[in-house]
Structure formats: structure tokens, C-alpha cells
Peer 1: 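Structure provided below as C-alpha cells; questions to follow.
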Amino acid sequence: MLEMFPYPSGRIHMGHVRNYSIGDVVARYLIMRGCTVLHPMGWDAFGLPAENAAQKHGVHPRQWTLDNIADMRGQLQRLGLAYDWDREVATCLPDYYKWGQWLFLKMYEKGLVYRKKAAVNWCPKCESVLANEQVIGGMCWRHEDTPVESRQLEQWFIRITDYAQELLDDLDKLTEWPERVVTMQRNWIGRSVGTRVTFTAIGAADGWQHPFDVFTTRPDTLFGATYVVFAPEHPLVEKLVSPQHRKAALDYIAAARKATAQDRMAENREKTGVFLGAYAINPVNDERIPIYISDYVLVEYGTGVVMAVPTHDQRDFEFARKYDLPLRIVIRAEGVPESEADMTAAYEGPGMMVESGPFTGLSSEEGKMKITEWLEGRGKGKAEIQYRLKDWLISRQRYWGMPIPIIHCGKCGLVPVPEKDLPVDLPEKVDLAAIGNSPLSRVPEWLNVACPSCGGSARRDPDTIDTFFDSSWYFLRFIDARNDRAPWDKALAEQWMPVDLYIGGIEHAILHLLYSRFFTKVMRDLGLLARVSEPFKKLVTQGMVTKDGAKMSKSLGNTVDPGAIIQEYGADTARLFILFASPPQKDLEWSESGVAGCSRFLDRVYRLMVKYAPRLAAVPDSDPEHPAGDDLALTQRLHQTLKAVTDDIEQRFQFNTAISRIMELVNELYRVAWDEQKVSDAVLATALRRLAQMLSPFAPHLAEECWEMLAGPGRVCRSNWPRYDPRFVVEDTVEIVVQVNGKKRAELRLPLNATQDDARTAALADGRVQRHLEGRPVRKVVYVPGRLISFVV
RNA sequence: GCGGGUGUGGCGGAAUUGGUAGACGCGCGGGUCUUAGGAGCCCGUUCCGUAAGGAGUAUCGGUUCAAGUCCGAUCACCCGCACCA
């Protein structure tokens, strides 16, 4: 089991405390249950903050990072988290990134890594390109107030789109993932089934003809196409535009280029566009329709051209209305106006095809198939599936990242670094302050190397790799962290994978979690994993830690330092509060007095131990055969607590209620053993030892201390999780509620096995019940044994 | 706009299969111990009402002997996506 490893910023925050406390409870519980638990921790240690710190404080990024790791490791250890530190990994260390480079080269051999020149996202603050997944609403994921810009650059990509269908299909297997994460991934992949249709463009000036394709999910509306729209950046636009429209078109294209992605996505933005003075021929009816450009068409999706059917597509409708373009209804259904002139909005639903030549009369579903077949038969189109997902751009123009193990040779082209030369290390000295791309490109002694293939002069790739590449396989490295002959042993991976439980923040719903799924499938296809296709069986996304209703953040100044809380109350209190205040998936509001309450509770436990342990340490555990009186009451409470806490941890994954049950047990112990001891030594000693055991996953330090005081054998965290005895879980008398006409009128104490007649007799003997039944015949009686008896009068 | 989630005391939250709404904790009130208590221990604490009783889980309606829980509509807040052809 695993929690998402942190970026070593230097200080842990409450989100970490929460994430890791949740995981630690489960790990410690499973260990006590006798499971073999692999519970490691490591560091997502490459990344931009180290470079910023280097410039600000004049310390090398490596030193800054390693110092932070040492600090944070200490903070995690102070929390008492049960990690196997022998498996610790840091992505910035050569024995980790050596294997990252090795994996990169395996993917390169397989053709999964390639270079291409494309319009890419550029963050001016990161001074680097970003993957699509790292652009959130037009902004950089790390700088949420910085719009990304578009640049034409040649960059490294990974073919994640090759796996789009499998990534989509396998979402159905993730039955133990939160539904919203699955939905977010499904939407991100964005599969659309449709048809590619070939139109012919006629150049305005000379009748020059050129075929071009559109992608549509509505081939059934093809007869309603009254114009065509190209994305402004589309390469064909230049060739199509007529001389008299040229200036207007070029001005529009320039404006579109300048606008940020954010501008173009602005809500309710009025459609704009320019006529090119050129026409296209619709293949189904040979109709000549005008060609426009507009920025509502995205060059990067589909073919970058759409056929416009204003009657059955709202966007086209808005555009057509603005530029007074013709409308033609080709789908009839309830709610579609008689004439085009009466339309106030496009009708996008299904219906019966009309005005569609030989296809008139078909349903839209049938029509989609028939028209696609018709086009296929004439070489004018074919069925096609489009994905919104794009290939993963992995180059970064930064220093503090994994070097790309490729050498650029003028003669041989791209040459992989031979395996024996791995890892490719970063140069020690680099000028991070200078302005411009890729700090590594300014280190000639590192950059210039002999080509491994021809021996001639060549250059290393000056970029580093997206840190999400590093974090996409760290869970696999944990399996075999010290292996120096392979990234991991395949048999060991087979034994441990998939991760049974993965806990982390929702912010990686698409980023890290999608990339890791993709990597796992690639590793399988590279033969490095067998049978495993999904990395994480169960996923838990924990809620935020808030204060005053807002997420804790430096800019809001509402952070609480875990170190200070540990200093004042101790690690056990910090852990206990954060688990007690809210169930894992929900947000958690920080409360200083709530922390104090948890501290009081632990004090209460300790006082009880101090009072009894010296004497009871000599009293062995014994489960009484037939306890009576308070001995029975305490024994029952103990076993009820054991059952509830076990269920809460194992089945319900709800620790706040588990802790509240333990608190109830402690309250009962105070009742029977504080002012005066009302129970036998054996029963009390047993209860106190079980209490220490149940407390162990939550408050391991105090639990260990109590266990030692009570002379429990070995260490409490290695003891066997106690089992409950079903005999003591149910009590032999129960409270029965008496209802008259659905209203509660009395409570009775009855034997568990009381019959309906017993309950009825007892209820009728009660004064309050009598008063409400008076003079009214009972029409019906409902009896739920152990719960209630209900009279209908 | 589309998709998802949430809504329960003064506060965090509980109620697992339709069966005692408010467990547990905080806060508040009271008692006890004490020279003192801001420590500890004990009791009380959904609201209205002296009480009997009544009302009550965002709002309105429905199903049921019985609804926080199921069904329908509405409102509020939060999250994700958002010209994807």
C-alpha cells in the first residue's frame, strides 16, 4: 500500500499529515492482522522550486533538495509513520533516474517516444513547455494566474494516444476508484465516434482544386451543411483565400494567434470569422458552399475543419445568424419548427432525416451508418474515432530534471545513449540565471560529445524530462529499490503489483493517475510486467485540510504548522485529531480546541494506565466464561468496541467513528474503574491491554508505552489484532421503542428474544402507551425484534 | 450550459439493511474536589414549552405502520468539464 510521495519542499504541511496518517493506520492495522505489508516512502525530487531556490539563495538545486529531504524525513519520522525506509527512493538520485533513462530508451526503441514540431503550451513563469494535462483552464497548473502561451517548437512526445482506447476501456475495471476520478479521466480521454468526410476546396482566384477532410459526429446532417469553417491556423487557409479577402483574413489570423487559449475559451464569447472568398463542394450533393475561418474551430482537434450545419449545431447556428448564412432543416422531430425562419436555436437531438436525397426518411442513427457507407464506397470518407486526449509532451526547458538520453548527430540523426553509458548525469555547474531556453544548452563541456555511432562531434539533448515521467513508475521501483541490474525484478513485481491501496489528493485525478496507468500498460507491453495492466486497485482521495472554511495556503495566511502542533501536543494527538475530525474523503476543518480535546482523551487513557498498570501488570489476560454485573457490562462494551473498530478500519474506511468507539470504551472504563474499582482485576487488565492494542494504529507512541506498563508481550504494534467474541457483542436485553401511529411513546427493556406477544403485553402495561391507545381499536401491529413495536390505531 | 457531489444542533460530525435523529468530540451550563481552579472527575445540553406535549435532518410534495435514508420537483453551496465539431 502506498501514499502519494511528496515533493521535498522542506516542510510537511497538514495535507501530508492527513494523507500519511490515514495510510499509516491501515498499514499498522494490516501488520497487526498478520499481513505482509509493503509500505514505502520516497521523494518526487526533481522540479522547478529547486532552481528558484538556487537562484534566490545561491545553493545548488541538488544540495537544496537533499537538505529538504533530510528535514522532511525527520518530520515524517517524528509523526511515527511506519515506513520501510530501506526502500526509500528519490527521483533526483542517479540510481533512480538511471532506470528512468533506461525506460525512456526502451520506449524509444518501441517507437513510443518521438519528436515533432507542433504548437505547444508555454508557461512564461516556468520558462518551459507544458503537457496538455498541465494546463488548467488556460492557466499553468503550477502558476494559476499565468495564462499559457502557444509556441511552435520541436519537442519530445510520448504516444499516450496509442493507449487511449485501453485507458478508456480499463476504467471499467477500476471499481474501487472514486467515481468522479473515473469520470474525469473518461472526459479527458474524450472519445467521439464519427465520420471523416472529404470535401473539395475550389480556390477563389483560379479554380485550383484541393481535397480536405472534416470530422463530424453527425454525418446524418451532411445535407444541411451550408458552409465550411477552417481553424485560422490551418495551413490550407493561406492557399484558399482570394486576393480581395486576403488582408481581412490575415488580420484575423494574426489576432487569433495573439489571443491566449484563455481568451479563446471565454464564456459566451460572440462568434467571429472571415469569409475567404473560396468555396467547397459537399460530396453528398455537389453543392457549392462558402468557406470561412473562425476561432471557434480548433486546429488541434479532428482535422481542424468543420462542416457547418446551423440548424443542428448550436455553435454553427450562432455563427450563421451573425453572418446571415443560410439554414436548412434536415432532421425532423418534435420541437423542430416548421420553417428555418422560426428557429431560435439549433435542434441537436435525433429525428427523421428530410431533404437528404436518397437518405430521406431514415432515422438519424440509421442515416449515420448509411451515409458513412455511401461515402466509403466512393472514397469520400470513412468511419473514424477521435480522442480529445493528445500525445504527452515531455520535454522541459529546465535544468533540475532527468536528462534525455539521446544524442543529436549531424550525420546519424538521433542516437540513443548506449546502455553502458547510463545514467546521463547533470553537469554540476550551470548558469541558471541567464535568460533563454534550456540551461543545459549553455554548458558546452556537457553538451558536446562524440556520437556513439560514428564518433563524430555531436550534442546531447539540452532539455530535461517532465517530472511526471519520474513519478509514473516510482511505485514499481519501491518493489525492488536497490536493484542495480534492472529497474525492478519482474517476479517480485508480479508478486506485489498492483498496489492494493493508493491514497492521495484529488488534484492528480488526471495528471499523475492517468500517466501511471499509461506507464503500467507500456511496461507490460515492454515485457517488464506480466498480467498487470492497472497500477492501483483501490484509490482513496482524501479531502482538503481547511481553516476558516478555506484551503490552507501561504497566500491566505491560514496555515497551521504540523511541527508546532507536534511540539505542543505530540505526534499522537496530531494524528488522532486529523483522523477524528472528519472521514478521509471529506474536507477537514482545523480546530485548535478539537486538538485539545484529542489531547485530553489521550491524557485520560494515560491516567487510567498510571492508576492500574503497576498492579495489573502481574495479572494475566483472561476471558471470563460467565461474567456478571459490571464485569459483564465492561466485557460486552470491550467486544462491541473491538468489532466496531475492526469494521470501521477494514470495511468502512472511516476512522473518526473508530476513534469515537474507543472513546466510548474509555468512558465505560471510567465508569467502572475510576472512583472505585467495580470490576475484577482480570477483566480490567484484559480491557486495558485490548485498549492499548486498538489504540496502536492511531496513537502508536502512547499505545506502546501503555503496553509496556501493562507488561504485554513484545511490542504492541507487533501484537496480533484482537478478535472479538460474538457472545459478548449482543446483549441479552434490548431497548424496544413503542410507537403509536408512528410516534414514539415509550421505551421498554425487553429480553432479546422477546416475542411479539411479549412485547405487546409489556407495551400495553405502560401508562403512556395506554393513554394513546385509549378508546381506539388497534388495527395493525408491526414488530421488529430488537428494535420496535408499532401500533396503528 | 453539461456532469458529479454536498446540505443534519452554537461547531466538527454520527446514524452501516427504511426501524429510538443528534453517537463521539468541541463549545456552553451546573455540580464536586480545592486556599484557589484555567487541572481532574461527575451531570446536563436540538428547538419551543413550567409541564403534558409539540416541532425538527435545505424547501415543497409523494410512497410507507414507519423516511435523514426511497421517489418527484425546487433552492443553495462546492468540485470537474466547458466552442472537442
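A note on names: the letters A, B, ... follow the listed sequences, proteins ahead of strands, and every chain is numbered from 1.
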Peer 1: Nearest to the side chain of Arg604(A), heavy atoms from C-beta on, is which of G80(B), A23(B), C41(B)?
Peer 2: C41(B)
Peer 1: side-chain contact (heavy atoms from CB on, under 4.5 Å) with Arg321(A): which residues, sequence neighbours excluded?
Peer 2: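 If we apply the side-chain contact (heavy atoms from CB on, under 4.5 Å) test to Arg321(A), skipping adjacent residues, the hits are Phe317(A).
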Peer 1: Can you tell which of C24(B), U20(B), G3(B) lies closest to the side chain of Thr183(A)?
Peer 2: G3(B)
Peer 1: Tell me whether the OP1 or OP2 atom of U20(B) has a side-chain N or O from Lys744(A) closer than 4.0 Å.
Peer 2: no
Peer 1: Would you mind calling G44(B) syn or anti? Take O4'-C1'-N9-C4 for purines or O4'-C1'-N1-C2 for pyrimidines, and syn is within 90° of 0.
Peer 2: anti
Peer 1: Are Phe319(A) and Tyr292(A) an aromatic pair, judged by ring center distance below 6.0 Å?
Peer 2: yes
Peer 1: Check whether any side-chain N or O of Tyr670(A) sits under 4.0 Å from OP1 or OP2 of C41(B), and answer yes or no.
Peer 2: yes
Peer 1: I'd like a list of close polar pairs between nucleotides 10-17 of chain B and the protein, N/O only, cut-off under 3.5 Å.
Peer 2:
residue, atom, partner, partner atom, Å
G12(B), O2', Ala581(A), O, 2.7
G13(B), O3', Asn656(A), ND2, 3.3
A14(B), OP1, Asn656(A), ND2, 3.2
A15(B), OP1, Arg652(A), NH1, 2.6
A15(B), OP1, Arg652(A), NH2, 2.9
A15(B), OP1, Gln654(A), NE2, 3.3

Peer 1: Counting only side-chain N and O atoms of Lys743(A), is one of them less than 4.0 Å from OP1 or OP2 of G53(B)?
Peer 2: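 Negative; the distance criterion is not met.
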Peer 1: Looking at A82(B), G19(B), G4(B), which one has an atom nearest to any side-chain atom of Arg180(A)?
Peer 2: G4(B)
Peer 1: Just to confirm, is there a sub-4.0 Å distance from OP1 or OP2 of G27(B) to any side-chain nitrogen or oxygen of Arg600(A)?
Peer 2: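 Yes, Arg600(A) has a side-chain N/O under 4.0 Å of OP1/OP2 on G27(B).
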Peer 1: Against Thr221(A), only a single residue in Ile371(A), Asp313(A), Ile331(A) fulfils side chain to side chain contact (heavy atoms under 4.5 Å, CB included); can you say which?
Peer 2: Ile331(A)
Peer 1: For U74(B), give its Watson-Crick or G-U wobble partner with both distances under 3.5 Å, or none.
Peer 2: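 Across any shown strand, U74(B) pairs with A58(B).
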Peer 1: Would you say the side-chain atoms of Arg196(A) pair up with the backbone N or O of Lys382(A), donor to acceptor, closer than 3.5 Å?
Peer 2: no
Peer 1: Is there a donor-acceptor contact under 3.5 Å from the side chain of Ser294(A) to the main chain of Tyr296(A)?
Peer 2: yes
Peer 1: Counting side-chain heavy atoms from C-beta on, which of G54(B), C65(B), C79(B) comes nearest to Lys780(A)?
Peer 2: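 Output: C65(B).
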Peer 1: Any side-chain to backbone donor/acceptor pair from His312(A) onto Tyr347(A)? Under 3.5 Å, distance only.
Peer 2: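 Judged by distance alone, yes, a pair lies under 3.5 Å.
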Peer 1: Among the candidates G27(B), U20(B), G25(B), find the nucleotide nearest to the side-chain atoms of Glu747(A).
Peer 2: U20(B)
